[in-house]
Amino acid sequence: MNIDKKVIASCGLCNAASLNLYEILNGIDDYVIAGINNNKPRKYKLYSTNKGIYFNWGGNRYYLHEFIRL
């Protein structure tokens, strides 16, 4: 996976860490490319509920509407 991708959205976790979105992949299965700070990003499957679209990271659900677009 290319680490040189630009961050498209971010969610602050604490004063020293953020969860960054690099790309949203649409197709048969929807995925998001995400990573913490400048660490190597990974691909995560997107799920949908009445509350919105989310992915699981670190044992927690992160909804796409919680991220700030950059």
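Counting heavy atoms of neighbouring residues, nucleotides and ligands inside a 6.0 Å radius, atom CG of L70 exceeds 12 of them.
Taking Ile, Leu, Val, Met, Phe, Trp and Tyr as hydrophobic and joining them when side-chain heavy atoms fall under 4.5 Å apart, one finds W57 in a cluster with I8, L13, L19, L21, I24, V32, I36, Y44, L46, I53, F55, Y62, L64, F67.
Residues A17 and N37 share a closest heavy-atom pair of CA-OD1, 3.2 Å.
For E66, the salt bridge (Lys or Arg N to Asp or Glu O under 4.0 Å) criterion is met by no residue, not counting sequence neighbours.
A cation-pi arrangement is present between K43 and Y31, with the terminal nitrogen or guanidinium carbon under 6.0 Å from the aromatic centre and inside a 45° cone about the axis. Remark: K45 qualifies as a cation-pi partner of Y47 under the 6.0 Å distance and 45° angle criteria applied to the six-membered ring.
The main-chain N or O of N20 is never found under 3.5 Å from a side-chain atom of S18 such that the two would form a donor-acceptor pair.
Between D30 and L25 the shortest side-chain heavy-atom distance does not fall below 4.5 Å.
Distance check: R61 CZ to K51 NZ gives 8.5 Å after rounding to the nearest 0.5 Å.
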